[in-house]
Structures are given as C-alpha cells and as structure tokens.
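Written below as structure tokens is the structure these notes are about.
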Amino acid sequence: MEDTELIAFRIISAVGAAKSAYIEAIAAAKHGSFDRAVRRIEEGDESFLDGHKAHGELLTKESAGSAAPLTLLLAHAEDQLMSAEGFKTVALEFIEVYRRIEALEEANRNQD
C-alpha cells in the first residue's frame, strides 16, 4: 500500500472516531449527562487532531513538490475530515440546547 493511501486511511480512521465521539456527546447531553458529553467532545477532539496531523503530512508533501494523486480514497478522507469538523459544531450546539432545556425544566419544577 502506498504512503498516501496509508495516510488517507489514518485520516478516515481518526476522524471517524472523532465523529462517533461527537455523536455520543449529543446522546449523553440528551440524557442530562453534561460532564460525560464534555468528556466525549474532548476525546473526539483528540481523535480529530490525529486526523488533522495526518492531513498536514499530505499538505507538507505537496508543498515540497510531491503532490499525492487525487484518488477516490483521498477525496473520501477529505470529506470525512470536513464532515467530522462540521459535526463537532452541531454537537456543541445540541449540547447547549439540551442544557437550556434542562434549565427550563428545572425552573418549571421549582415553580410548581
């Protein structure tokens, strides 16, 4: 397997793990486990950083004049990287919404 393919698979694996952690963060927040949600975001960030570093290796090679050929695998890796990054943004918004819902429900319980 070529070096570029290995890097692409590293990207896909790392950002896939990040995306899964972000999804788990939303689920934790949905059930009121905000500390767990924050931990899952942090774990996702660590995985995402691994993918980002691998992506940086490709950029470094290209800037040195050794551009990787554009393949479907590399396009998929890029797509997964961007998808995970966007999913983190969505996850953070969902967590905030669930925090507000919980606060409103608590306020309503205290009024009764």
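Small disclaimer: the values here were computed from a predicted structure and weren't measured. When a residue number appears, it is its place in the shown sequence, counting from 1.
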Under the salt bridge (Lys or Arg N to Asp or Glu O under 4.0 Å) rule, what do E96 and R100 come out as? Steps first, then yes or no, please. CA-CA 6 Å; E96 182 59 30; R100 289 181 183 195; 3.2 Å; yes
So which heavy atom on A77 is nearest to which on A8, and how close?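 That would be CB-O, 3.7 Å.
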Nearest heavy atoms of A14 and G51, plus distance in Å: CB-N, 3.4 Å
Looking at E106 and R109, is any side-chain nitrogen of the basic one under 4.0 Å from a carboxylate oxygen of the acidic one? yes
d(H52 NE2, S47 OG) to nearest 0.5 Å is 14.5 Å
Distance check, rounded to the nearest 0.5 Å: L73 atom CG versus E5 atom CD?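 Rounded to the nearest 0.5 Å, the CG-CD separation comes out at 6.0 Å.
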Would you sort out whether R99 and E102 count as a salt bridge (Lys or Arg N to Asp or Glu O under 4.0 Å), showing the intermediate values? CA-CA 5 Å; R99 283 184 197 270; E102 185 171 284; over 6 Å; no
Could you tell me whether the side chain of I12 reaches within less than 4.5 Å of the side chain of H76, counting heavy atoms only? yes
Looking only at atom types and distance, does a side-chain atom of S66 sit under 3.5 Å from a main-chain N or O of E62, one as donor and one as acceptor? no
Could you tell me whether a side-chain N or O of S13 sits under 3.5 Å from a main-chain N or O of R10, the two making a donor and an acceptor?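 Not confirmed, S13 side chain does not pair with R10 backbone.
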Can you list, by chain and residue number, the hydrophobic cluster partners of F34 when the side-chain cut-off is 4.5 Å?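 Same cluster as F34: I7, I11, V15, Y22, I23, I26, I41, F48, L58, L74, L81, F87, V90, L92, F94, I95, V97, Y98, I101.
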Is it the case that E78 and H55 place a side-chain donor and acceptor less than 3.5 Å from each other? yes
